[in-house]
Amino acid sequence: MIKASTLPQLAAFFPEVSANAEVVEVLQKDLRGVPEQAEQEILPSADYEESTVPVGSAAVSFPDKAGKWSIFELELQGPSHGNPFVDVALGASFTLHGRDVAVSGFYDGNGVYRVRFMPDEEGVWSFKTTSSARSLDGVEGRFVCEAPLEGNHGPVRVKNTFHFAYEDGTLYIPVGTTCYAWTNQPDELVAQTLETLKTAPFNKMRMCVFPKAYAFNTNEPPHYAFEGSLEEGWDFTRFNPAFFQQLEKRIEALGELGIEADLILFHPYDRWGFADMSKAADDRYLRYIVSRLSAYRNVWWSLANEYDLMWAKELEDWERFARITAEHDPYHHLISIHNCLQFYDYSRPWITHCSIQRIDVYKTAESTDEWRKQWNKPIVIDECAYEGDIDQGWGNISGEEMTRRFWEGAVRGGYVGHGETYLRDDEVLWWSKGGQLHGSSPARISFLRRIMEEGPQEGLNPMQLSWDVPSAVVPDEYYLFYYGFNQPKFREYRMKPGTLYKVEIIDTWNMTIEEAAGNHEGVFRIELPGRPYMAVRMTKA
């Protein structure tokens, strides 16, 4: 079922609607009769605690040390009467060498309040809380930020316009996969997913916050984000800490495996009402989750999966969501938004990278270099279709085709994401619930990741040297040609005279690398096996 709330949205799917004046008039009349959701923003209570409560009197605990880019957590025991989720505002200012970092805190249930901070500089940090609750206000302390733990390179940043690196400068090549609803599955299945990821090539996971209702997604989650129930209704002013604590455990587990959590904050595949909350509820949820999770170094923000299918949201809502996320994330994590039929305006300044789903049924990664020119940002094709055999065209490409799309995107200077949808009797499909991988592409994707990691430290950048083959080039240093579904028996190359090159023939499907005999310069011919999915790599000898 396609959801659309406005006539322009509906017309994008069914142009014949806008062409029929009678239908438009009827729809407009019906839409005028639909009441708008209205909810006043609830402000923190100025007199939440009596004036007799001493300022800063809450019991507090925190570690005396934390590693750089790790989480320093301040825990306070405070009041729980009324509704602390909305009645109490909490934050803290962290200071080092005259630099102040403002951080939002949150209520975690049972009288527990937390402030999480990710220190990015070694030294002695001091902090002081601010709160509308007297006992939580003015709590002070200090801790030592030490060198980062081994393997902690900090959050991922954009590097050299089109590529990524960790904050310490270490190259990061995103090799992503999609498991939309894996965090909302039983513990046994979650454990199996994490075990699979230990030997998989992926270092980024697209995942939803809210549970998903769609084909092969019919089970209820263990927890919900809010108090209440589907039958009796949700209290969108009261969060369920157990839900978010479960999500945090999943994010932490991914971090231990070196995997970035590309967190989808909204999505349209919903039967619980989480996609259709009021503006005030949306904003409150965003402030809460960003305050809880922004201190995790391996978090990326994805405002939505298929934003243009969310009938209750308009462009102004997404722009507001971006502002709220930025205001409550002092670490400036990567942020984007994902499309279905219509690209978002990825030139918007808040968008760090382009999170793309193909809009052409067949053409996907072949457009990577065009999109680079259009938006001048990293291109991450998070959904190029999925390897599998279900009845939908988006979920039944072969392992060969998935691998080809990865290579096409790579040599054109972008990054393609994986997903798997092989039909299973238990309806545990990787793309939604995780579990085990059954496809043939992950091993080949791992092979490509190795090729990319062996490539230029500035990343693969495209240069069109021939009309019929894409290539990534560092002039006079490095050349990577990819022949895709073509199957030449040989190729002739015209290189700069006087520079010697080592030439390697790469079978991207059989995962072999064969070095051509001798070094080569100028004009030369390389014999090829005459089968598809071959690449040629040249490096300066």
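No hydrogens, no waters, no symmetry mates; every other heavy atom, side chains included, goes into these values.
- Between F266 and F321, the ring center distance clears the sub-6.0 Å criterion.
- The ring of H418 has its center closer than 6.0 angstrom to the ring center of F202.
- Aromatic rings from H223 and F243 are positioned such that their centres are separated by 6.0 Å or more.
- Atoms CZ and CE, on F406 and M452 in that order, are 9.0 Å from each other to the nearest 0.5 Å.
- A ring-centre distance under 6.0 Å is found for Y224 and W234.
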Between D137 and S135, is the side-chain hydrogen bond (donor to acceptor under 3.5 Å, both in side chains) condition met? List the steps.
CA-CA 6 Å; D137 187 47; S135 62; over 6 Å; no

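- Defined by atom type and a distance below 3.5 Å, a donor-acceptor pair is present between the side-chain atoms of Y180 and R206.
- Residues satisfying the side chain to side chain contact (heavy atoms under 4.5 Å, CB included) criterion with Q457, sequence neighbours excluded, are L171.
- Taking the six-membered ring for Trp and the full ring otherwise, the centers of W125 and F117 sit less than 6.0 Å from each other.
- Screening N305, D262, L247, T177 for a side-chain contact (heavy atoms from CB on, under 4.5 Å) involving M207 leaves a single residue, L247.
- Residues Q185 and N219 bring a donor and an acceptor atom of their side chains to less than 3.5 Å of each other.
- At a threshold of 4.5 Å between non-hydrogen side-chain atoms, the residues P79 and E49 count as touching.
- Aromatic rings from W371 and F343 are positioned such that their centres are separated by under 6.0 Å.
- Residues D329 and W301 bring a donor and an acceptor atom of their side chains to less than 3.5 Å of each other.
- Judged by distance alone, the side chains of Y296 and E252 do bring a donor and an acceptor atom under 3.5 Å apart.
- For the atom pair C208 SG and W182 CH2, the distance stands at 12.5 Å (nearest 0.5 Å).
- Here F127 and F143 keep their ring centres 6.0 angstrom or further from each other.
- Side-chain contact annotation: Y386 with Q392, donor-acceptor N/O pair under 3.5 Å absent.
- Between atom OH of residue Y107 and atom CZ of residue R238 there is a gap of 8.5 Å, rounded to the nearest 0.5 Å.
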I'd like a table of donor-acceptor pairs (distance under 3.5 Å, sequence neighbours excluded) in which one partner is a side-chain atom from residues 52-65, with atom names and distances.
| from | atom 1 | to | atom 2 | distance (Å) |
| --- | --- | --- | --- | --- |
| S57 | OG | P54 | O | 2.8 |

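- Under the 3.5 Å distance criterion, with hydrogens and angles disregarded, a donor-acceptor pair is assigned to the side chains of D276 and W311.
- For the atom pair OH (Y422) and CG (L437), the distance works out to 10.5 Å, reported to the nearest 0.5 Å.
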Step-by-step side-chain hydrogen bond (donor to acceptor under 3.5 Å, both in side chains) determination, E387 to S441
CA-CA 8 Å; E387 179 185 353; S441 65; 2.6 Å; yes

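- A donor and an acceptor atom, one from each side chain of N184 and E220, are nowhere located under 3.5 Å apart.
- Scanning for side chain to side chain contact (heavy atoms under 4.5 Å, CB included) contacts around R450 gives F447, E454, I513, with sequence neighbours left out.
- In this structure, the ring of H81 has its center less than 6.0 angstrom from the ring center of Y48.
- Donor-acceptor pairing under 3.5 Å is recorded for the side chains of N203 and Y172.
- No close placement of the Y113 and F106 rings is indicated, their centers lying 6.0 Å or farther apart.
- F164 does not carry K159 over the face of its six-membered ring by the limits of under 6.0 Å from the centre and within 45° of the normal.
- A distance of 6.0 Å or more separates the ring centres of W430 and H438.
- Going from atom CG of L303 over to atom CG of D317 covers 11.0 Å, rounded to the nearest 0.5 Å.
- Taking CZ of F226 as the reference point, atom CG of D235 lies at 9.5 Å (rounded to 0.5 Å).
- Ring centroid separation for the pair W394 and W431 comes in under the 6.0 Å cut-off.
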